[in-house]
Protein chains: 2
Amino acid sequence: MLRNKTIADPTPVYFKLQQEIQTKIEKGQWTPGQCILPERILAEIHKVSIGTVKKALLNLVHKGYLYRIQGKGTFVAGTTLRRESLRYYRFLRNFRDNEADLKIKLLELKKINGQQPHNRYLKIRSDQNLYEIRRLFFFKKNPIVYSISYLPQKMFQNLHEFPIYLFEKVTLYEALEKNYAVPTIYNHELFGATVADAKTAQLLQITDGRAVLFIEMLSFTYRDKPYEYRKSYCVTDERKVFNEI
Amino acid sequence: MLRNKTIADPTPVYFKLQQEIQTKIEKGQWTPGQCILPERILAEIHKVSIGTVKKALLNLVHKGYLYRIQGKGTFVAGTTLRRESLRYYRFLRNFRDNEADLKIKLLELKKINGQQPHNRYLKIRSDQNLYEIRRLFFFKKNPIVYSISYLPQKMFQNLHEFPIYLFEKVTLYEALEKNYAVPTIYNHELFGATVADAKTAQLLQITDGRAVLFIEMLSFTYRDKPYEYRKSYCVTDERKVFNEI
DNA sequence: GCTCATTTGTTCGTATGTATC
DNA sequence: TGATACATACGAACAAATGAG
């Protein structure tokens, strides 16, 4: 057992181990915060050297699946750790402004029939039904964002049975990660300017026909699976949407 | 010479080597595309093991400063390699659309006095002068973006002496990287919706007072030094600005 | 506060595989 | 084919952080 590699399979040993662990995390068999087996044990089990185990684990640290604490152990990471490369909106007046603290109000959560282009974006059949979540975000009592989210019912069963505060106290992605083990890996966004329609203008307390920022967002979880399509209308006179690349 | 570490300096050897190489690249002593010394030689020079050199080099590969080709060598990377974590705008109609190919027209390049908030954003004194670059971006003969860039004169001396095509054939960041060795490391952006003023509306060939997407961008090079402040006005009825996070 | 077992972090050295020219 | 350079893998030793007793 000096060499686990054969001529037929050029896949490095560390890579196989790395993939094995990644899969366990993606399937939810190893959950965020959990301490995994120490290097030494993993090396014994897989009959490889410590160095090989180290390489596999460090690669997964780089990819954001694990984090390590010297003297304590190796742990499964949650979305928050990967969030340094995943930025959600912040609202600023200018580049030196402090971040605005937003309050969330849930307007409506209901089941709706599948529709286009939503289902196409979510990569589900057109007859699959959706959850529709309408929310209003406030900055100091003033509404500044109105958003409508669409999620596959099949993926988030019984979402309507959760208490309302779940959607008002934490961001949607935090709620979904906790309750459905669906971490956000990356987002796609489209930015545009549009004119507020009557309903949106009323909700955002602006005059009908004013220019608002329109953002379409598609959020992806593991294996490039889209799980949320969201449309947002933002009042940007005072505060603009901030993005750090 | 068994251990290079002393009690007084707990900084790992690989980290010092890593920083040394990174500095050489940042200062332009080692330029993009250049092949650096092989592992073995670096190990001899610094009197460390191959493994330690490897660790330093692999970290810099991960940070985007180097790339390695088995059997050939280790090379200094250009901005393009780091660009996977640095996205510039793309224009799409929807999430499944193909990217639009834009043509650039330089409207004006002139020296102007320093002004606020520009100089503050660029972290330069208020008496330092600027270059102002006005450009128009076309998609199939139709203007869709009007942008005004501000750069520190001191940092880009003789920029006005470059031929016009430099600003029309390649993106501004490519031109700056090539001619001034100023690679883009990250951007900050502010998105908003606004109403086109008379001049902007005329340039973008839209009716006065229509909603346009307004983007403010601050670009940073090494050591968190801002080098460009840009304001862009985008027509987004057909195509929206795409962002991949 | 101290000791000690555990765990990760760093460094070394060696051998072999594989890609490039 | 051979020389060179990077990639993988092994094993060993010690440093440094953690937490329990």
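Throughout, a chain's letter reflects where its sequence line sits, starting with A, and its residues are numbered from 1. Computed from a prediction, not measured in an experiment: that's the story for all the values here.
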### Query
Given atom CD of B:Glu39 and atom P of C:dA19, what is their separation to the nearest angstrom?
16 Å
## Note on the structure
Nearest heavy-atom contact between A:Leu122 and A:Tyr229 is CD2-N, 3.8 Å
### Query
Atom CG of A:Leu42 and atom P of C:dT8: how far apart are they, to the nearest Å?
8 Å
### Task
Quickly work out the B:Gln70 CD to D:dT4 C1' distance and round it to whole Å.
12 Å
### Query
Does OP1 or OP2 of C:dC12 have a side-chain N or O of B:Thr52 closer than 4.0 Å?
yes
### Query
Rounded to the Å, how far apart are A:Lys47 NZ and D:dA9 C1'?
17 Å
### Task
Would you mind reading off the distance between B:Tyr14 atom OH and D:dA15 atom P, rounded to a whole angstrom?
17 Å
### Task
Compare all side-chain heavy atoms of A:Ile69 with those of A:Thr74 and state whether any distance is below 4.5 angstrom.
no
### Query
NA contact type, B:Gly73, heavy-atom cut-off 4.0 Å: base, sugar-phosphate, or nothing?
sugar-phosphate
### Query
Rounded to whole angstroms, how far apart are CG on B:Leu66 and P on D:dA5?
16 Å
### Message
Is the phosphate of C:dT11 approached by B:Lys55 (side-chain N or O, under 4.0 Å from OP1 or OP2)?
### Response
no
### Message
Taking 4.0 Å as the cut-off, does a side-chain nitrogen or oxygen of A:Arg68 come that near to OP1 or OP2 on C:dT7?
### Response
no
### Message
Using heavy-atom distances to pick each residue's nearest nucleotide on DNA chain D, tell me which of A:Ile50 and A:Ile69 is more 5'.
### Response
A:Ile50
### Query
Should the ring pair B:Phe191 and A:Phe191 be called parallel, tilted or perpendicular, given that the plane angle runs from 0 to 90° and is split at 30 and 60?
parallel
### Query
Between B:Arg40 and D:dT4, is there a side-chain N or O to OP1/OP2 distance below 4.0 Å?
no
### Query
Does A:Thr74 make a side-chain N or O approach to OP1 or OP2 of C:dT8 shorter than 4.0 Å?
yes
### Task
Report the residues that fulfil salt bridge (charged side-chain N to carboxylate O under 4.0 Å, His left out) with A:Lys55, sequence neighbours left out, ordered by chain and then residue number.
none
### Summary
From CG of A:Leu57 across to P of C:dT7 the rounded distance in Å is 13 Å
### Message
With a 4.0 Å limit, can you tell me whether B:Lys72 has a side-chain N or O closer than that to the phosphate oxygens OP1/OP2 of C:dC21?
### Response
yes
### Task
Scan for salt bridge (charged side-chain N to carboxylate O under 4.0 Å, His left out) pairs involving residues 66-78 of chain A, sequence neighbours excluded, and state none if there are none.
A:Glu39-A:Arg68
### Summary
A:Lys54 NZ to C:dC12 P, in whole Å, measures 15 Å
